[in-house]
Number of protein chains: 2
Amino acid sequence: MPVNDNTVNTDKKPYHHGDLRDALIAEGLCLLDSRDAESLSLREVARGVGVSATSVYRHFPDKQALMTALALEGLTRLGAAQRAAAEAAGGGKAGFAETGRAYVRFALANPALFRLIFASPALAPQKAAGGMHSEASTLLLANAAAAAAQDGGEAGIRAIQAWAVVHGLAMLMLDGQIPEDDAIIDQAIG
Amino acid sequence: MPVNDNTVNTDKKPYHHGDLRDALIAEGLCLLDSRDAESLSLREVARGVGVSATSVYRHFPDKQALMTALALEGLTRLGAAQRAAAEAAGGGKAGFAETGRAYVRFALANPALFRLIFASPALAPQKAAGGMHSEASTLLLANAAAAAAQDGGEAGIRAIQAWAVVHGLAMLMLDGQIPEDDAIIDQAIG
DNA sequence: CCGGCATAGTTACAGCGTAAACATAGGAGG
DNA sequence: CCTCCTATGTTTACGCTGTAACTATGCCGG
């Protein structure tokens, strides 16, 4: 029963849903907890919300747009997790390390969502001509890396390197190439 | 016209293809040069070879198996590229660094194939119960990392770290998160 | 020469993304 | 208060997909 009983609705069934867009996103995120992104169908999300498949098109131009919306929510959560980890560690160098640990932890806890974030062309700064998002990036590492790429400074390279380590670690673990071992994470980041 | 004219066939059309399995793999690899893996359909590969869709099932139990075969070929090529790079640099520390550069270069040159390799559960040592492949891994980094994961030695962690850096770099570049810049690769690996 | 078996083809089905046409309702203007 | 507009949701339909069942072809051993 993948229907998440959010909302205030007293199980009435009005013709008009009320807030379909958010409901679709919520259902999508819910499904991504147990399913991977490419096996997720638009029709399944619509079914979960109890709505016809084509009504999705009133809120998203196509399936890709729905996926992008899910990815954007994922990006926000990932950014929040990193910020929270950094603050909990009191900022500074220790805070930055915690940011990396949070990154990997988020990936392992939300495999499908994490993958979706980086599989979304619309969220990729180097692509996405209409880069309405590019400066709204909530990713600490991305911001640092972006600055890096421009002036090519020493600190910039370090930021990219740090991002690459945690991203590589996360991906390799998600793909079953290396064991999901906390000790490995700690040692590789330190 | 995505049909690659491999083979000795003198454009005859015998009922029996001769070597459909290899032809399907060749066509698949060819299509992966211009298309990404998830948009690749079994029917399209069959069409490219000039054969009915269901005849594919004589050689592969399902689409997944075809994709795994493609991924395996990709893995072999990636391993070969790394070995060649290492040898060209004369082995040693410089050779190891070249191995990493070759890894990223391969990813940028064959985006769809590279992604497919790591999207194939059957090639993931940590999954794939019937790990008929696990010891046949042609990936230098994977071997080093595998040894690392077991005895948890210092050298092992370094191997994993190195793998994570190049893998992360490759993925982030493929995903358009950082520019595909040779200078960045050199500095991040160095 | 022929019979069987590996190989390929045909047909069929459910599920997908999505376009077009239609239905419903809830708020604005009279 | 009634009417119509518009935003939202539904029905139906199309071509695509992966794959199961059944049929056709042709090579190779007896």
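Throughout, protein chains are lettered first and strands after them, A, B, ... in sequence-line order, and every chain is numbered starting at 1. Source: prediction; values computed, not measured.
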Listed partners of A/F118 passing ring pair (Phe, Tyr, Trp, His ring centres under 6.0 Å), at least two apart: A/F114, A/H167
For the residue pair A/P121 and A/K127, what are the closest heavy atoms and their distance? O-CB, 4.1 Å
Sidechain-backbone polar pair: A/D181 side chain, A/A183 backbone, donor-acceptor under 3.5 Å: yes
Describe the nucleic acid contact of A/S55 in one word from base, sugar-phosphate, nothing, applying a heavy-atom distance below 4.0 Å. base
Just wondering, do A/Y57 and A/L42 contact through their side chains at under 4.5 Å, heavy atoms? yes
State whether B/H59 places a side-chain N or O below 4.0 Å from either non-bridging phosphate oxygen (OP1 or OP2) of C/dA6. no
Minimal heavy-atom distance between A/A112 and A/A37, with the atoms involved, is CB-N, 4.1 Å
D/dA7 P sits how many Å from A/R21 CZ, rounded? 17 Å
Which letters describe nucleotides 11-18 of chain C, given B = protein heavy atom under 4.0 Å from base, S = only from sugar-phosphate, - = neither? B----BBB
Closest non-hydrogen atom pair, A/R35 against A/S39: CG-OG, 3.2 Å
Taking atom P of C/dA20 as reference, at what distance in whole Å does atom CZ of A/R58 sit? 12 Å
